[in-house]
Novice: 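Next up is a structure, given as structure tokens.
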Amino acid sequence: MQSLQDTASQVRRDILRMVHAVQSGHPGGSLGCADYLVALYFHFMKHDPAFAMDGKNEDLFFLSNGHISPLFYSVLARSGYFPIAELATFRKLNTRLQGHPATHEHLPGVRIASGSLGQGLSVAIGAALTKKLNNDPCMVYSLHGDGELQEGQNWEAIMFAAHHKVDNLLATVDYNGQQIDGSTAFVMNLENLKDKWLAFGWDVLEMDGNDMNDILKVVAEAKTRMGKHKPVCILMKTIMGKGVDFMEGTHEWHGIAPSDAQLENALSQLSETLGDY
Amino acid sequence: MLIDFPVQNEKETRAGFGEGIYEIAKQNPNVVALTADLAGSLKLNAFMKDFPERFVQCGIAEANMIGIAAGMTIGGKIPYTTTFANFSTSRVYDQIRQSVAYSGKNVKICASHAGLTLGEDGATHQVLEDIGMMKMLPGMTVIVPCDFNQTKAATMAIASYDGPVYLRFGRPKWPNFTPLDVPFEIGKAQIIHEGNDVSIFACGHMVWEAMKAVEQLEQMGITCDLINIHTIKPIDQDAILKSISKTKCIVTAEEHQQNGGLGDSVSQIAAQHMPCPHEFIAVKDSFGESGKPLDLLQKYGLTSEAIVAAAKRSVARK
């Protein structure tokens with residue numbers, strides 16, 4: 001538990017330093033989802049950093065909201081998929097750490113490109129279907145932005161997964177209520193989101209994505225609901241920018257980088273637990 | 001007809017697809033088929049009956065189908081997506097671009113009812129831009145077989161090629177003249193006929209029109225190379241250059257927009273290595289319309305007569 005929180009603190013430092021170094025990237029959602037992704041990779045998922053694309057007999061994770069790539073890269077590096085020092089190349093020429101995750105440069109840990117929104121749930125469903133065909137008992141996790149649900153392809157996928165009883169899939173929505181142009185309520189209201197997923201035939205759980213205790217409890221519960229003929233969704237309340245007081249709870253930090261002074265301030269709020277890259 | 005390619009029968013190229021995917025599914029347990037509510041039109045009935053666990057009905061949701069196919073490759077499946085060509089390409093271009101092509105996924109995008117010969121349904125369904133869209137994607141292989149036998153062979157061959165493929169075929173019954181059960185070689189042009197005066201490069205249904213044109217041209221004393229460019233990408237540059245180094249002029253024929261099609265690809269090769277006169281038989285920056293397939297080909301200038309006239313123009317420009 002403490003170890004997971006320490007790891008999340010270091011991951012948040014990585015995120016801020018990566019985005020600051022290139023003055024580019026998306027810190028807000030990355031910070032908000034840090035606790036969840038750390039819990040997946042350091043507690044829940046059966047996975048092998050030696051990385052095989054096919055991931056047979058491993059749990060798989062798909063990031064649909066690819067703009068929170070700093071988080072994904074930090075967690076992969078800290079899990080041993082590639083050298084931690086490589087985080088310094090984020091978004092720079094010739095990097096494997098592209099602005100949005102890609103397989104094209106063969107970065108270990110990434111199984112699909114994402115960035116153009118709304119595509120990841122379909123991909124995760126496909127991977128889950130193949131696990132069933134292969135009699136592979138492991139499961140598939142996916143993460144989606146809430147604003148991303150405005151893309152229609154999601155609802156095609158949501159309908160499909162219930163119809164085909166894709167019950168080895170846990171899709172989590174980063175329910176922070178923010179998107180680039182403002183709050184989701186202002187830009188394009190998602191409500192009532194829980195009822196929508198339920199109406200489409202999913203099993204729905206709710207969770208505080210910035211409370212490690214709650215994450216451990218709710219994801220464990222979700223895992224017990226695998227194999228019950230329904231796909232499972234977690235609506236995960238998070239605070240965009242979580243962990244840095246001046247970034248929290250606003251869409252303003254969706255896609256901008258901190259200045260030198262802001263970085264210093266932000267890092268002072270987060271313990272360096274595992275050593276900066 | 002041309003002596004090496006007697007017409008055996010008339011069959012739909014899409015039926016060749018249906019037989020091909022059934023045969024390859026028997027041989028390769030990783031082959032899976034997805035459809036967006038067009039299993040019947042894509043002739044998947046036998047596949048569905050004998051391999052129900054490997055058939056995925058996606059409903060009328062093509063974007064999701066492409067994404068699911070991309071995901072299914074992770075773990076070793078070889079997904080064939082099936083719907084009409086328009087819904088296989090322009091409707092889902094970004095899904096193909098990001099989740100399939102950029103991600104390098106082993107998805108086979110199988111597209112029926114391409115071009116004008118779809119007929120009465122009209123321009124909403126008659127995609128004439130798909131070859132261009134697909135060939136522009138880095139790493140995408142683009143295949144346009146000419147008849148039933150070749151479509152069947154291509155459908156089987158792409159299973160053993162690791163990478164994204166766009167396979168384009170059509171709706172109508174069409175003369176079936178390539179030899180039965182000849183293995184399909186991706187990227188290797190097929191020599192249909194050899195001559196000296198003009199090189200005719202064709203794909204899809206237009207190979208048949210070109211064969212009729214070659215007979216007429218030879219009666220006029222114009223001898224022709226007729227080469228079936230069934231693989232638009234990667235294109236067989238050697239075959240094209242070998243032919244035009246002899247004939248010094250070109251006709252291309254395709255059931256597609258002139259912009260972005262086979263003609264463009266051939267012209268790029270000629271322009272860089274061996275510039276020479278080139279006449280294009282293709283749709284000229286126009287949408288299609290409702291009508292009977294042959295009437296549409298007539299109206300839009302995609303006929304053997306048009307190829308004959310184009311060949312004469314190309315020869316005269318040398």
Side-chain angles (χ1 to χ4, degrees), chain A residues 51-62 64 66 98 100-107 110-136 138 140 142 151-164 166 168-169, chain B residues 25 28-37 51-81 83 87 91-109 137-140 162-164:
Chain A
F51 188 63
M53 176 59 80
D54 276 343
K56 289 183 178 171
N57 298 307
E58 290 182 61
D59 294 327
L60 304 181
F61 170 76
F62 293 96
S64 189
Q98 291 290 301
H100 294 80
T103 59
H104 191 257
E105 285 73 25
H106 306 291
L107 184 69
V110 180
R111 290 192 165 87
I112 196 80
S114 58
S116 177
L117 293 172
Q119 300 187 29
L121 185 55
S122 304
V123 173
I125 290 169
L129 291 178
T130 286
K131 286 210 174 290
K132 283 175 175 273
L133 285 169
N134 289 344
N135 295 314
D136 179 339
C138 291
V140 175
S142 61
E151 292 281 6
Q153 184 181 344
N154 286 300
W155 300 98
E156 297 181 1
I158 291 166
M159 191 183 297
F160 178 102
H163 177 85
H164 286 283
V166 183
N168 53 347
L169 170 67
Chain B
N28 188 332
N30 284 322
V31 168
V32 296
L34 294 78
T35 196
D37 197 31
F51 309 107
E53 73 288 355
R54 288 152 63 186
F55 171 74
V56 183
Q57 174 60 264
C58 296
I60 308 167
E62 295 82 4
N64 185 45
M65 176 172 71
I66 295 295
I68 287 175
M72 288 191 83
T73 65
I74 298 166
K77 297 303 167 205
I78 306 171
Y80 283 58
T81 66
T83 180
F87 315 137
R91 184 167 185 101
V92 292
Y93 197 61
D94 188 44
Q95 284 77 16
I96 294 174
R97 182 176 179 274
Q98 175 171 287
S99 293
V100 177
Y102 184 44
S103 294
K105 295 305 181 201
N106 191 24
V107 174
K108 315 305 176 187
I109 301 162
L137 291 171
M140 181 66 73
D162 185 15

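Every chain is numbered from 1, with letters handed out A, B, ... down the list of sequences.
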Novice: Where does H163(A) contact chain B at under 4.5 Å (heavy atoms): side chain, backbone, both or neither?
Specialist: neither
Novice: What is the minimum heavy-atom distance between I74(B) and R111(A), and which atoms define it?
Specialist: CD1-O, 3.6 Å
Novice: Taking the side chain as C-beta and beyond, is there a heavy-atom pair between M72(B) and L133(A) under 4.5 Å?
Specialist: yes
Novice: Quick check against the 3.5 Å criterion: does H164(A) have a side-chain atom that pairs as donor or acceptor with the backbone of C58(B)?
Specialist: no
Novice: Chain A: which of E53(B), R97(B), R54(B), Q57(B) shares the most heavy-atom pairs with it under 4.5 Å?
Specialist: Q57(B)
Novice: Which atoms of V32(B) come close to chain A, meaning under 4.5 Å heavy atom to heavy atom: side chain ones, backbone ones, both, or neither?
Specialist: side chain
Novice: With a 4.5 angstrom heavy-atom cut-off, which part of L121(A) approaches chain B: side chain, backbone, both or neither?
Specialist: neither
Novice: Given a strict heavy-atom distance threshold of 4.5 Å, which part of A124(A) is in contact with chain B: side chain, backbone, both, or neither?
Specialist: neither
Novice: Looking only at heavy atoms and a cut-off of under 4.5 Å, which of Q153(A), M159(A), K132(A) has the most pairs with chain B?
Specialist: Q153(A)
Novice: Taking the side chain as every heavy atom from C-beta outward, state whether Q98(B) and I112(A) have any atom pair closer than 4.5 Å.
Specialist: no
Novice: Can you find a heavy atom in the side chain of M53(A) that is under 4.5 Å from one in the side chain of T73(B)?
Specialist: no
Novice: Do you know which two heavy atoms are closest between D54(A) and G75(B), and how far apart they sit?
Specialist: OD1-N, 2.8 Å
Novice: Could you go step by step and tell me if D94(B) and Q119(A) meet the side chain to side chain contact (heavy atoms under 4.5 Å, CB included) rule?
Specialist: CA-CA 9 Å; D94(B) 188 44; Q119(A) 300 187 29; 3.1 Å; yes
Novice: Pick one of side chain, backbone, both or neither for E151(A), based on which atoms fall under 4.5 Å of a heavy atom in chain B.
Specialist: neither
Novice: If I measure from the heavy atoms of chain B, does E105(A) come under 4.5 Å with its side chain, its backbone, both, or neither?
Specialist: side chain
Novice: Look only at the side chain of S103(B) and the backbone of T103(A), and say whether a donor-acceptor pair between them is shorter than 3.5 Å.
Specialist: no
Novice: Measure the OH-NE2 distance between Y102(B) and H100(A) for me, rounded to the nearest 0.5 Å.
Specialist: 10.0 Å
Novice: At what distance, to the nearest 0.5 angstrom, does CD1 of I125(A) lie from CE of M65(B)?
Specialist: 14.0 Å
Novice: For residues N64(B) and S122(A), report the shortest heavy-atom separation together with the two atoms involved.
Specialist: OD1-OG, 2.7 Å
